[in-house]
Amino acid sequence: MASLAQRMAGAMKADVRTFEEVEKDPAALGQAVAGIVIAGFAALIGNIFRDGLAGGLGNLLATLIGYAVWAGLVVLIGTKVMPEPTTKADFSEAFRVVGFAASPGVFYVIAIIPFLGPLISTCISIWMLVVMVVAVRSVLDYTSTARAFVVCLIGFVVYLILYLMVLLPLLTARAILG
């Protein structure tokens, strides 16, 4: 069994073998959660001056919930809406693989650099998107990267709608109670 660091490094390289290994290893669930938490804390540190501590902790909680929602969307869209003949995946497999797709997020800590932080965050987010597409292709056993990209695109739109349905009322309540 590979270590957390080895698997995160493999995920950062978008190494399909790493994602296949994580998909097949139920014991990797803890490592996947640890990877998400590490990336979340890196983002908290990297954006502390822009978001503040309360905003950073809120983002960390949203990140943990978000990855669970994202894994569910990947399974639902990938296996029910857009399956290929070889597609099979369950929530556990998807969560482990998607969790490791958060690995490039450890570099969000560099976003603490004044003036360059937003650019650095954008570059890391693009990197994470590329890794996510490879992870989705792997966990859904797709032969097409384009199909995995479409699953990610549809999933992102649904995720964004759900996020806004929860976030907007909270932000509005905070502004009113303010």
Side-chain angles (χ1 to χ4, degrees), residues 1-48 50-51 55-75 77-78 89-113 116-142 145-156 159-160 163:
M1 177 167 82
S3 70
L4 172 63
Q6 291 168 322
R7 285 179 167 169
M8 288 180 74
M12 286 181 211
K13 297 175 196 171
D15 178 36
V16 175
R17 290 177 306 215
T18 298
F19 292 123
E20 293 292 334
E21 176 184 314
V22 167
E23 179 184 2
K24 290 177 177 79
D25 182 7
L29 180 63
Q31 288 182 337
V33 171
I36 295 168
V37 170
I38 291 167
F41 272 110
L44 186 149
I45 294 165
N47 294 299
I48 193 81
R50 285 181 288 286
D51 296 342
L57 290 173
N59 287 339
L60 178 60
L61 179 61
T63 297
L64 289 171
I65 295 168
Y67 272 94
V69 170
W70 184 254
L73 288 170
V74 165
V75 171
I77 296 164
D90 62 31
F91 178 80
S92 284
E93 293 169 343
F95 185 81
R96 290 191 304 268
V97 171
V98 164
F100 274 95
S103 295
V106 300
F107 291 102
Y108 275 130
V109 73
I110 301 169
I112 200 166
I113 298 171
L116 294 177
L119 175 63
I120 291 167
S121 289
T122 300
C123 292
I124 293 167
S125 294
I126 292 168
W127 182 9
M128 289 174 73
L129 173 63
V130 170
V131 170
M132 182 65 73
V133 170
V134 173
V136 166
R137 180 180 175 178
S138 176
V139 76
L140 296 175
D141 302 310
Y142 279 174
T145 302
R147 184 179 289 259
F149 179 78
V150 171
V151 168
C152 288
L153 185 62
I154 293 169
F156 177 73
Y159 176 81
L160 187 61
Y163 185 76

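The first residue of the sequence shown is numbered 1, and numbering continues consecutively from there.
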Item to check | Intermediate values then yes/no, side chain to side chain contact (heavy atoms under 4.5 Å, CB included), Leu4 and Phe100 | outcome: CA-CA 9 Å; Leu4 172 63; Phe100 274 95; 3.9 Å; yes

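- Proximity of a side-chain donor or acceptor of Asn47 to a complementary backbone N or O of Ala43 within less than 3.5 Å is detected.
- Taking both residues in full, the closest heavy atoms of Val75 and Ala94 are given as CG2-CB, 3.4 Å, listed atom of the first, atom of the second, then distance.
- The distance from atom CG of Leu119 to atom CD1 of Ile110, rounded to the nearest 0.5 Å, is 12.0 Å.
- Rounded to the nearest 0.5 angstrom, Ile120 CD1 and Ile124 CD1 are separated by 6.5 Å.
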Checklist entry - Between Phe19 and Arg137, does a side chain to side chain contact (heavy atoms under 4.5 Å, CB included) hold up when you go through it step by step? => result CA-CA 10 Å; Phe19 292 123; Arg137 180 180 175 178; over 6 Å; no

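- Minimum heavy-atom separation, Met128 to Pro104: CG-CB, 3.7 Å.
- Residues Ile48 and Ile112 are in side-chain contact: their nearest non-hydrogen atoms beyond the backbone lie under 4.5 Å apart.
- In this structure, a donor-acceptor pair under 3.5 Å is absent between the side chains of Arg7 and Thr18.
- To the nearest 0.5 Å, atom NZ of residue Lys24 and atom CZ of residue Arg96 are 10.5 Å apart.
- In this structure, Leu73 CG and Phe91 CZ are separated by 10.0 Å, a value rounded to the nearest 0.5 Å.
- Nearest approach of Ala42 to Val106, heavy atoms of both residues: CB-O, 3.3 Å.
- In Arg50, the CZ atom is crowded: over 12 heavy atoms of neighbouring residues, nucleotides or ligands sit closer than 6.0 Å.
- Taken to the nearest 0.5 Å, the CZ atom of Phe107 stands 5.0 Å off from the CE atom of Met12.
- The environment of OH in Tyr159 is crowded: more than 12 heavy-atom neighbours from other residues, nucleotides or ligands sit within 6.0 Å.
- Note that Arg147 lies in the cation-pi zone of Tyr142, set by a 6.0 Å cut-off to the ring centre and a 45° limit from the axis.
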Next on the checklist: Run the side chain to side chain contact (heavy atoms under 4.5 Å, CB included) test on Val98 and Val139 for me, step by step, so that the C-alpha distance in whole Å, both residues' side-chain angles and the decisive distance to 0.1 Å come before the verdict.
Outcome noted: CA-CA 9 Å; Val98 164; Val139 76; 5.6 Å; no

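- Using a distance-only test at 3.5 Å, with no hydrogens or angles considered, no donor-acceptor pair links the side chain of Ser138 to the main chain of Val134.
- If you take CD1 on Ile36 and CH2 on Trp70, they are separated by 13.0 Å, rounding to the nearest 0.5 Å.
- Shortest non-hydrogen contact noted between Tyr108 and Ser121 is CE2-O, 3.6 Å.
- In terms of heavy-atom proximity, Cys152 sits nearest to Met132 at SG-CG, 4.0 Å.
- When all heavy atoms of Val97 and Val22 are compared, the closest pair comes out as N-CG1, 4.0 Å.
- With hydrogens and angles disregarded, a donor-acceptor distance shorter than 3.5 Å links the side chain of Gln31 to the backbone of Ala2.
- Put simply, the side chain of Leu140 reaches to within 4.5 Å of the side chain of Val151, judged on heavy atoms.
- Between Leu44 and the choices Thr63, Asn59, Leu57, the side-chain contact (heavy atoms from CB on, under 4.5 Å) rule is met once, by Leu57.
- Contact check on Lys13 versus Asp15 returns no salt bridge, with no Lys/Arg side-chain nitrogen under 4.0 Å from an Asp/Glu carboxylate oxygen.
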